[in-house]
Q: 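This is the structure I want to talk about, given as structure tokens.
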Amino acid sequence: MRRTLCGSIAPATGKVDGIDPGDELLDVVDEQDRVVGQATRREVRAHRLLHRFSSVLCRDGAGRLYVHRRTDDKDVYPGMYDMAAGGVLAAGETYLEAARRELAEELGVTGPEPRFLFKHRYRGPENPSWSATFEVTWDGPITPQASEIAWGAFLTLDELVARIDQWPFVPDGLEIFRRWRAGDF
């Protein structure tokens, strides 16, 4: 067992199957993305601690981007739309490991190697974080994880841009999408 930054006791390992997601142990980082400690997901959310997440833009061979709506019971940004599969890194997990895991868990996509695009520092009040953005091309089936995704579909970039003003998108994902679209990396 390890004592977290907030003083509670947490398991010595990172993400463990079968535990409450709020009890998952995450790395807490500084402004240079260096690990300075660990805290549970619940503590990270409650105290708005700077942490890491990985996001993967999943495109099909025609260049369409997979967009999904998060379930209404998510701990952050419930019911909002996102352009990337992704999630927080477990303590000790690398950005690439998390990208592979999230693709498999959220979309059922296994096989293609995520290609690193850029790192991004999101400074929003609800979810301050460092993230790494990856991209994959996938023409196989998408099998959304029911506990994470309420709806999803491949959209052309024009269709997606038209919906940005109509649908509520996660703010960190929207920043990443705009940066990716501008080629700012």
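Please read these numbers as outputs of a predicted model, since none were measured by experiment. What you see below is based on every heavy atom in this structure, not just the backbone, and it leaves out hydrogens, waters and symmetry mates.
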Q: Quick one: are I142 and F154 in side-chain contact, heavy atoms under 4.5 Å?
A: yes

Q: Taking only residues two or more places apart in sequence or in another chain, which ones pass salt bridge (charged side-chain N to carboxylate O under 4.0 Å, His left out) with D33?
A: R52, K119

Q: The criterion is side chain to side chain contact (heavy atoms under 4.5 Å, CB included); which residues satisfy it with Q145, sequence neighbours excluded?
A: E105, E106, S147, E148

Q: Report the C-alpha separation of D73 and T71 in whole Å, then their side-chain angles, then the decisive distance to 0.1 Å, and conclude whether the side-chain hydrogen bond (donor to acceptor under 3.5 Å, both in side chains) test is met.
A: CA-CA 6 Å; D73 60 354; T71 57; 2.8 Å; yes

Q: I want to check something: taking the side chain as every heavy atom from C-beta on, are R42 and D20 in contact at a cut-off of under 4.5 Å?
A: yes

Q: Would you mind reporting whether E113 and R100 have side-chain heavy atoms less than 4.5 Å apart?
A: yes

Q: List in chain and number order the residues that pass side-chain hydrogen bond (donor to acceptor under 3.5 Å, both in side chains) with R34, two or more places apart in sequence or in another chain; answer none if no residue qualifies.
A: D30, Q32

Q: Between the main-chain N or O of P128 and the side-chain N or O of H51, is there a donor-acceptor pair closer than 3.5 Å?
A: yes

Q: Where do R123 and E31 land on the salt bridge (charged side-chain N to carboxylate O under 4.0 Å, His left out) test, with the steps shown first?
A: CA-CA 10 Å; R123 298 179 189 284; E31 286 296 330; 3.2 Å; yes

Q: Apply side-chain hydrogen bond (donor to acceptor under 3.5 Å, both in side chains) to S54 and list each qualifying residue two or more places apart in sequence or on a separate chain.
A: none

Q: What residues form a side-chain hydrogen bond (donor to acceptor under 3.5 Å, both in side chains) with T133, not counting sequence neighbours?
A: S55

Q: Which donor-acceptor pairs under 3.5 Å do side chains of residues 160-173 form with protein atoms, sequence neighbours excluded?
A:
residue, atom, partner, partner atom, Å
R163, NH1, E159, O, 3.1
D172, OD2, N127, ND2, 3.0

Q: Pair R41, D75 - check salt bridge (charged side-chain N to carboxylate O under 4.0 Å, His left out), show working.
A: CA-CA 9 Å; R41 179 193 291 248; D75 65 337; 3.6 Å; yes

Q: Do any pairs count as a ring-ring contact (aromatic ring centres under 6.0 Å, His included) and have a residue in residues 120-139, sequence neighbours left out, and if so which ones?
A: F116-F134

Q: Tell me, which pairs form a ring-ring contact (aromatic ring centres under 6.0 Å, His included) where one or both residues lie in residues 84-103, sequence neighbours left out?
A: none

Q: Is the closest side-chain heavy-atom distance between L103 and P114 below 4.5 Å?
A: yes

Q: Going by the rule salt bridge (charged side-chain N to carboxylate O under 4.0 Å, His left out), which residues pair with R70 if we only count those two or more places apart in sequence or in a different chain?
A: none

Q: Sequence neighbours left out, what passes salt bridge (charged side-chain N to carboxylate O under 4.0 Å, His left out) with R48? Give chain and number order.
A: none

Q: Quick one: closest heavy-atom pair of E102 and A85, and the distance?
A: O-CB, 4.5 Å

Q: Check for a donor-acceptor pair, side chain of D27 on one end and backbone N or O of G92 on the other, with a separation under 3.5 Å.
A: yes

Q: Of all residues at least two apart in sequence or in a different chain, which pass the side chain to side chain contact (heavy atoms under 4.5 Å, CB included) check with R69?
A: D72, Y81, A150, W151

Q: How close do G152 and I149 get, heavy atom to heavy atom, and via which atoms?
A: N-CG2, 4.4 Å

Q: Would you please name every residue forming a side-chain hydrogen bond (donor to acceptor under 3.5 Å, both in side chains) with R59, sequence neighbours left out?
A: E135

Q: Given E126 and R45, is the salt bridge (charged side-chain N to carboxylate O under 4.0 Å, His left out) satisfied, shown in steps?
A: CA-CA 8 Å; E126 188 171 343; R45 299 289 190 234; over 6 Å; no

